Amino acid sequence: MREALKLKGIRMRNSKRERWPKVVVWSAAILISTVFFLILSSIVWHGIGQISWEFITAAPENAGRAGGIGPILVSTGLILGVAIAVALPIGLGTAILLSEFTPRESIFGTMVRRSLDILAGVPSIVFGLFGFVLFSNILGLGFSILSGGLTLACMVLPILIRSTEEGFRSATEEYRISAASVGLSKTTTIFRILLPAAAPGLSVGLILGVGRAIAETAALLYTSGYVDRMPTSLLDSGRALSIHIFDLSMNVAGGNEKAYASALVLVSILVVINIVSFYISNNWLRRRITII
Amino acid sequence: MILAIGLIPVLTTALAHADSNAENAQELNGKLVITGSSTVAPLVSEIAKRFEAQHSDVRIDVQMGGSSRGISDVKQKISDIGMVSRALKENEKNIMAFPIALDGITMIVHKSNPIDELKNKEIVDIYTGKITNWSEVGGNDAPITVVSKAEGRGTLDLFIKYFQIKSSDIKPHVIIGDNEQGVKTVSGNKNSIGFVSVGTAEYDAGIGIPIKPLPLNGVAASTENIRNGNFPLSRKLNLVTNAKPDGLAEIFIEFANSKEVADIIEEQYFVTTPE
Amino acid sequence: MSQRPSDALLIWTLRTCAVTAGVIVVFIALFLVQESLPALRSVGLLRFFTDSSWHPAENLYNLTPMLLGTLFAMVGSVLIATPLGILSAIFVNYYAPPKIAQSYRGVLGLLAGIPSVVYGFWGLVVLVPLIGELEPPGPSLLAGILILSIMILPTIALVADSSIGSVPKEYMTSAASLGLSRWTAIRRIILPSAKSGLFTGTILETGRAIGETMAVLMVCGNVVQIPKSLFEPVRTLTANIALEMAYALGDHRSALFVSGLLLMLIIVCLILAAEWISRGRIYA
């Protein structure tokens with residue numbers, strides 16, 4: 001990504017035909033940013049007045065109309081943690097297999113890829129009902145953070161795998177060939193050279209996956225549940241932030257302001273997560289350069 | 001990748017533990033699982049919190065999932081108590097219901113709408129598509145936007161029963177799910193009419209959201225009129241059990257019916273059941 | 001390439017991962033079929049398309065309007081989001097100054113993580129009344145398409161960004177030395193080299209558009225009808241499940257799972273169609 005940016009230094013032929021694309025590209029970007037700022041400013045405008053240290057740490061009272069979101073933040077973190085801890089290794093492994101060890105046209109690869117693409121389109125409420133049956137009932141986890149996290153893991157796998165796979169695929173053939181020519185094993189090649197090269201794809205997958213997971217409502221309602229008590233273990237039921245927002249804005253009369261405040265907290269958490277994940281992917285990029 | 005390999009045994013042991021834990025927990029700690037109606041869930045959550053505060057060894061988990069989940073979960077023993085916001089159906093006779101609060105349903109229009117009252121006949125004609133313009137009932141010359149609720153919802157059941165119409169006769173322009181969605185839809189459309197919970201309407205109109213509750217049969221839609229039984233369109237919010245409740249469930253249901261929680265019920269904009 | 005013991009272990013680990021990931025969808029399909037069976041038995045498959053309307057309480061189960069509603073909303077939003085997403089990927093890679101590009105990427109990352117209920121809420125309070133001014137009632141197919149477009153845009157934009165970003169920079173330099181304009185180089189060289197990523201991004205965004213529930217439920221109006229214009233309300237299959245599942249019993253409940261199953265079939269058809277159209281051209 002970085003290298004591409006330097007290209008603007010290169011002088012390109014400047015024709016009249018060059019002007020229109022520029023206008024179109026810039027307008028698209030401005031349009032998207034405008035919509036974003038409209039949505040964000042409505043969240044900030046209504047939410048900022050409610051934010052305080054107490055709101056972030058205290059337990060909700062009066063169905064969320066008063067008090068804070070402390071236990072809900074903890075539950076959200078745990079659910080997200082479980083989901084990422086499960087989805088990341090499986091996702092990374094699958095992505096490596098698909099891009100490095102499976103010929104494009106192989107039946108196995110096609111089947112896995114196809115089933116992931118289908119999985120990507122399964123509505124979240126179906127994930128919720130499915131997660132309830134599989135994790136809560138059959139595996140006996142009940143309404144719990146674990147069962148919610150596992151359901152989310154299933155949900156984010158397609159996005160995680162497919163974008164990481166793209167990352168690996170785009171690491172050019174030269175890396176592979178030169179690695180093989182100096183006698184590195186496939187394992188070493190992947191973890192020392194290709195993984196860093198695929199980092200941008202992985203980071204996009206993580207950003208989209210975490211975004212999807214943290215924004216999820218319907219799938220969690222049936223699995224991790226509605227209880228807003230401070231969780232003491234992964235087997236406790238815990239209300240996620242998005243469910244709290246849903247409940248306050250759609251189900252509890254007079255919950256709007258706190259709903260906005262909770263949404264603002266959620267967006268702030270995302271900012272932090274995205275910056276960290278960008279930082280990590282950038283570091284991997286730098287490490288690659290020192291190795292080769 | 002070591003992480004991935006390591007994770008599999010960790011997970012399986014966690015699962016095995018979970019199984020035995022769940023069984024033990026119910027006997028030892030006194031834990032109640034309550035599932036069901038999203039209308040009732042916030043109320044019961046608050047009641048449960050007060051109950052927990054009084055009995056430190058008890059844990060009550062309240063889960064949302066809709067009235068039918070409330071009934072099917074107690075049948076399948078997934079939960080101890082269900083929450084149901086509609087009347088029980090014919091084939092649900094084995095289920096025992098304990099009303100804990102009342103909730104009314106009111107017609108609402110946009111605040112700028114000059115209409116102050118509609119006859120029952122007019123409401124029926126509007127909802128069945130015979131009247132399509134506000135001028136036909138004495139209002140502005142504007143097409144009516146009919147807001148109705150999704151099939152099977154407690155409020156819709158009550159609405160069609162009261163007005164004696166079939167749900168397939170309703171010609172809606174918008175179908176909504178939860179109460180607040182109804183309020184937001186009506187407050188955003190000057191020519192719409194909908195029906196929502198009285199408590200919700202009263203609260204939202206009170207804080208300046210541009211909606212106007214309409215009286216029904218000349219009776220104003222207020223929690224006051226539901227309490228004294230004058231308002232014709234009201235429903236019970238129930239806790240349900242599969243058999244006669246015993247132990248903790250019985251004690252909790254008693255608690256939820258007692259005067260000790262009257263203030264919570266009012267705080268959630270519902271009406272306490274008459275003695 | 002030599003096969004070493006460590007490589008063999010790696011491959012088997014990876015295969016386990018892939019099988020785990022691949023098998024989830026089979027589980028979900030089995031689950032849906034199992035839950036749908038009661039309705040398929042007592043109502044029969046055909047009636048889901050031939051009944052006069054969808055009124056489960058009166059034993060009428062026509063899903064066609066909702067099937068079309070889902071397809072219209074999906075097609076509309078993908079048609080809007082895909083060009084915008086690709087343009088925005090081109091923007092960050094070739095037009096924007098580095099600082100702007102960086103914060104723009106941040107914006108997209110945040111858009112991806114705003115809960116659908118917030119989008120729905122915003123749509124209901126801001127977008128729907130606006131559309132209502134234009135052409136009542138307001139909640140409409142158009143509102144659904146617009147909200148969906150915003151929601152799926154980050155997916156296509158970020159995936160396209162990462163694949164366009166990884167096109168070797170030599171391509172652009174050689175294009176420049178050939179005297180091609182920047183836009184021509186992007187159109188003729190960069191986009192074709194990134195097409196596999198663009199394809200993946202499109203598939204993922206389409207999946208998201210089909211599966212999205214909460215926001216669509218709040219802005220689409222949810223009336224079961226085949227819309228005659230963009231301004232008429234529609235109900236999607238997902239909204240149907242979410243609206244009625246909480247209150248459904250018996251055949252009604254089972255029929256909602258048939259909606260889910262149908263949704264899955266649509267996705268399978270779309271993916272097969274996409275693969276067929278792109279045969280051999282995407283991963284060349």
Side-chain angles (χ1 to χ4, degrees), chain B residues 1-5 7-8 36-39 64-72 75 84-86 89 91-92 142-157 160 166-178 180-185 187-192 209, chain C residues 6 9-10 12-14 16-17 20 52-60 117 120-121 123-133 135-140 143 214 217-225 231-235 239-250 252-253 255-256:
Chain B
M1 206 38 52
I2 296 162
L3 186 63
I5 306 163
L7 209 67
I8 295 160
S37 160
S38 55
T39 316
M64 242 198 294
S67 293
S68 18
R69 272 288 298 279
I71 287 174
S72 69
K75 268 190 191 160
V84 180
S85 61
R86 56 164 170 77
K89 303 215 159 105
N91 55 358
E92 294 165 352
I144 303 176
T145 301
V146 176
V147 181
S148 184
K149 283 215 160 191
E151 186 102 346
R153 295 249 165 190
T155 32
L156 178 74
D157 278 357
I160 57 179
K166 266 173 37 184
S167 102
S168 53
D169 290 335
I170 296 179
K171 302 271 177 291
H173 299 110
V174 182
I175 293 179
I176 51 146
D178 298 296
E180 281 293 311
Q181 194 186 353
V183 170
K184 281 168 187 119
T185 305
S187 66
N189 184 328
K190 289 197 169 65
N191 300 312
S192 56
I209 291 172
Chain C
S6 72
L9 176 69
L10 175 77
W12 280 107
T13 316
L14 298 183
T16 316
C17 290
T20 314
S52 60
S53 63
W54 169 265
H55 282 104
E58 290 159 31
N59 204 14
L60 296 169
V117 56
F121 190 95
L124 191 57
V125 175
V126 178
L127 200 60
V128 165
L130 273 180
I131 295 175
E133 292 289 311
E135 177 95 43
S140 54
M214 234 38 133
L217 186 156
M218 285 156 86
V219 302
C220 272
N222 304 317
V223 179
V224 183
Q225 60 176 15
F231 294 100
E232 285 196 8
V234 289
R235 185 185 294 189
N240 191 39
I241 301 176
L243 270 176
E244 300 191 356
M245 185 58 87
Y247 298 85
L249 292 164
H252 181 191
R253 183 180 136 87
L256 293 176

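Source: prediction; values computed, not measured. Convention: sequence-line order gives letters A, B, ...; per-chain numbering from 1.
- Remark: Asn189(B) CG to Glu133(C) CD distance equals 8.5 Å, nearest 0.5 Å.
- Of the possible polar contacts, none joining the Glu244(C) side chain to the Ala150(B) backbone as a donor-acceptor pair under 3.5 Å is found.
- Neither the backbone nor the side chain of Ile71(B) comes within less than 4.5 Å of any heavy atom in chain C.
- With a 4.5 Å cut-off on non-hydrogen atoms, Ser68(B) touches chain C through its backbone and its side chain both.
- Counting only distance, with no hydrogens or angles, the side chain of Gln181(B) and the backbone of Val219(C) share no donor-acceptor pair below 3.5 Å.
- Contact of Lys166(B) with chain C is made through backbone and side chain together, with heavy-atom distances under 4.5 Å.
- Looking at every heavy atom in both residues, Gly188(B) comes nearest to Pro129(C) through O-CB, 3.6 Å.
- Rounding to the nearest 0.5 Å places NZ of Lys149(B) at 10.0 Å from CG of Leu243(C).
- Chain B forms more heavy-atom pairs under 4.5 Å with one residue of Ala57(C), Gly138(C), Cys220(C) than with any other, namely Ala57(C).
- If you measure heavy-atom distances from Ser85(B) to chain C, the contacts under 4.5 Å come from the side chain alone.
- Taking CG of Asp169(B) as the reference point, atom NE2 of His55(C) lies at 8.5 Å (rounded to 0.5 Å).
- Residues Pro139(C) and Thr185(B) approach most closely at CG-CG2, 4.4 Å, considering heavy atoms.
- One distance of note links OG of Ser168(B) with CG of Asn59(C); it measures 12.0 Å at 0.5 Å rounding.
- Contact count versus chain C (heavy atoms, under 4.5 Å) is highest, among Gly36(B), Gly177(B), Gly65(B), for Gly65(B).
- Contact of Ala239(C) with chain B is not made at all, since no heavy-atom distance falls under 4.5 Å.
- Smallest separation of non-hydrogen atoms from His173(B) and Pro233(C): O-CG, 2.9 Å.
- Heavy atoms of Val223(C) lying under 4.5 Å from chain B belong to its backbone as well as its side chain.
- Contact annotation for Arg235(C): only side-chain heavy atoms (C-beta onward) come within less than 4.5 Å of a heavy atom of chain B.
- In this structure, the side chain of Asn222(C) does not engage the main chain of Val174(B) through any donor-acceptor pair within 3.5 Å.
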